[in-house]
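Contents: one structure, followed by commentary.
Lettering of chains follows the sequences in order, A, B, ..., and the numbering in each one begins at 1. Heavy-atom basis, side chains included; hydrogens, waters and symmetry copies ignored.
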Number of protein chains: 2
Amino acid sequence: MAEGANGGTEHADIWMRPERPARGPRPAYSRAQITAAAVRIADAEGLEAASMRRIAAEIGTGAMSLYRYVPSRDDLVDLMVDHATAELDLPDRPSGDWRADLTLVAERSRALRLRHPWLCGVERPRGSFGPAQLRLLEFGLGALDLGLPIDDILVLFGLLMGYVDDAAQQELAWREEERRSGLDREAMMGRSGAYVRKLLADGEHPMFARVVKEARQPHMDAEERFRYGLERVLDCIQAGLPAVPDDQRSSRR
Amino acid sequence: MAEGANGGTEHADIWMRPERPARGPRPAYSRAQITAAAVRIADAEGLEAASMRRIAAEIGTGAMSLYRYVPSRDDLVDLMVDHATAELDLPDRPSGDWRADLTLVAERSRALRLRHPWLCGVERPRGSFGPAQLRLLEFGLGALDLGLPIDDILVLFGLLMGYVDDAAQQELAWREEERRSGLDREAMMGRSGAYVRKLLADGEHPMFARVVKEARQPHMDAEERFRYGLERVLDCIQAGLPAVPDDQRSSRR
DNA sequence: AATAACTGGGTACGTCGTACGCGATTACTG
DNA sequence: CAGTAATCGCGTACGACGTACCCAGTTATT
């Protein structure tokens, strides 16, 4: 098929390509330095503000210089994700109490996404697992390694991280809307947009109406609301685990 | 703060803005026509190929003409999402058997994402709910309306759709890799990339190794694999529901 | 018949990622 | 120690992108 006859770069081996070459002058910058600058910009102004030119300007060089360190912007985003994920700071190994371990993962992951709002918006289908993401994976899957087949473990861990992602995304969206409108959450419920008001009025959307009128646990702050949903998710996950004698928990193996 | 002193377009009221104006010549095209063209392109060449110029060329006009029908490309993407979602074809109301209803939602949603691969990659934080998405929401939440507070219902439905999204995304990624490499899934396991081989060899990633070596239910095809995970998720959701007398199920209220 | 609203569409601006090429610098090879 | 080849930082240039703006032509209201 003459489809790129070269040996092939598999597809995304950023993590294999060595940072420093054997020959040539010493590089003036580093991948970590560039990645950190990119993260700094994305934190402050969003992911799309972290363009190659902008990042280069941040570290005081030309845009094309970055391509000496990173093959493409997409790969740089992969580096950014792993760079941020490295802040997670999880224990070396699961404690044996799966519920406590997953709670830890969930809460720190949420905090991470609130600290780096662009994390939720990264294109998903890139199967790029850097060292920090691998650590997270090892810890999370390891916590659930209680006799289930690996496929089931993956499903359960996916449910947890899916919840974390959704919850953080919602929280960020609300926060954004508060910032733009100047109103707090309580005040926004009444003053909703014309479209929402129409939907509430037409009587065709009872569940949506309940979401608008009843939801959001109005007496909880964001943290409490997250924990509440998290407990529900953990209960669900528990149902997928093999039964345990109920007293023999957190047994250090 | 002098922050846009106008009355404000709330933020995304595509669904309120009337298609036809009162005065002026009859428009030559329609929102539906433009949206359909965009979906056609995105299906064949990906979401980013559906640029304003490309879409305009598809229907035989200039790029700027589209802005007579749609305020921005982001809004057009919202229209595309709802246009695709409208294919879902769900019953008018939940049947009373929540498990059957959610199974229906999950399988059709998966099929929809396989038919429109770009759906999984749409930027999430847009809280834009068109009529088709509202139908889906009403049906899904309604199926779970069994006495729980609305917040719990939202969490459970979120878990389900999160699973569907993840599973579809994974399936699409594998399909893409098969297409590019020419190998089938079975053959790819051994011939994995250098990075994966390194991770397997270093012994530091036991769970990742299990994922690579044991997962994917090698004896199942994609459909079976999806259903298998789906049953796990539904079991989990069941645990979050109020207990039922075990025999009194699918009782038509 | 006059007017105001709207049409399709061309041109132009500022942004993006990045292919390519340059002269200078450095490490390996003889 | 000279020669060579790799790699450096970085400027220029190209082809996309979304869309602001302007225009002459068309139509429903006055």
*Nearest-nucleotide pick for R53(B), side chain only, options being dG17(C), dA12(C), dC22(C)*: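 Of the options given, the side chain of R53(B) lies nearest dA12(C).
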
_Nearest to side-chain heavy atoms of S72(B), which nucleotide of dT26(C), dT18(C), dT19(D)_ =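 The listed nucleotide nearest to S72(B)'s side chain is dT19(D).
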
*Of G62(B) and D74(A), whose nearest nucleotide on DNA chain C comes first from the 5' end?*
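Residue closer to the 5' terminus by nearest nucleotide: G62(B).
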
Take the protein atom [atom1] of [X] and the nucleotide atom [atom2] of [N], then report the distance between them rounded to whole Å.
| X | N | atom1 | atom2 | answer |
| --- | --- | --- | --- | --- |
| R73(A) | dA19(C) | CZ | C1' | 18 Å |
| L76(A) | dC16(C) | CG | P | 14 Å |
| I55(B) | dG8(C) | CD1 | P | 16 Å |
| I41(B) | dC17(D) | CD1 | P | 10 Å |
| Y69(B) | dT19(D) | OH | P | 18 Å |

_What's Y67(A) touching, base or sugar-phosphate or nothing? Going by heavy atoms closer than 4.0 Å._
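The residue Y67(A) makes base contact.
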
*Have a look at S65(A) and say if it touches a base, only the backbone sugar-phosphate, or nothing, with a 4.0 Å heavy-atom cut-off.*
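Contact class for S65(A): base.
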
*Mark yes or no for a side-chain to base donor-acceptor pair under 3.5 Å between R68(B) and dG8(C), with no hydrogen or angle criteria applied.*
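Yes, the side chain and the base share a sub-3.5 Å donor-acceptor pair.
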
_Does the Lys NZ or Arg CZ of R31(B) fall within the cation-pi geometry relative to Y69(B) - under 6.0 Å from the ring centre and within 45° of the axis?_
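Ring-cation test returns no.
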
*Any donor-acceptor pair under 3.5 Å linking the side chain of R113(A) with the backbone of S109(A)?*
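Yes, R113(A) side chain to S109(A) backbone: donor-acceptor pair under 3.5 Å.
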
_Value rounded to 0.5 Å, distance of CG in L119(A) from OG1 in T85(A)_ =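 The CG atom of L119(A) sits 6.0 Å away from the OG1 atom of T85(A).
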
*Between R175(A) and E178(A), is there a salt bridge with N-O shorter than 4.0 Å?*
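Judged by the 4.0 Å cut-off on N to carboxylate O distance, E178(A) and R175(A) do not form a salt bridge.
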
*Identify whether the distance between the nearest side-chain nitrogen and carboxylate oxygen of R135(B) and D92(B) falls below 4.0 Å.*
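Salt bridge flag = yes for D92(B) with R135(B).
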
*Mapping A50(B) and A63(A) to their closest nucleotides on DNA chain D, which lands nearer the 5' end?*
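Closer to the 5' end of DNA chain D: A63(A).
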
*When you match M64(B) and R54(B) each to their closest nucleotide on DNA chain D, which lands nearer the 5' end?*
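Nearest nucleotide further toward 5': that of R54(B).
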
*Answer yes or no: does a side-chain N or O of R23(A) lie under 4.0 Å from OP1 or OP2 of dT7(D)?*
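No, R23(A) has no side-chain N/O under 4.0 Å of OP1/OP2 on dT7(D).
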
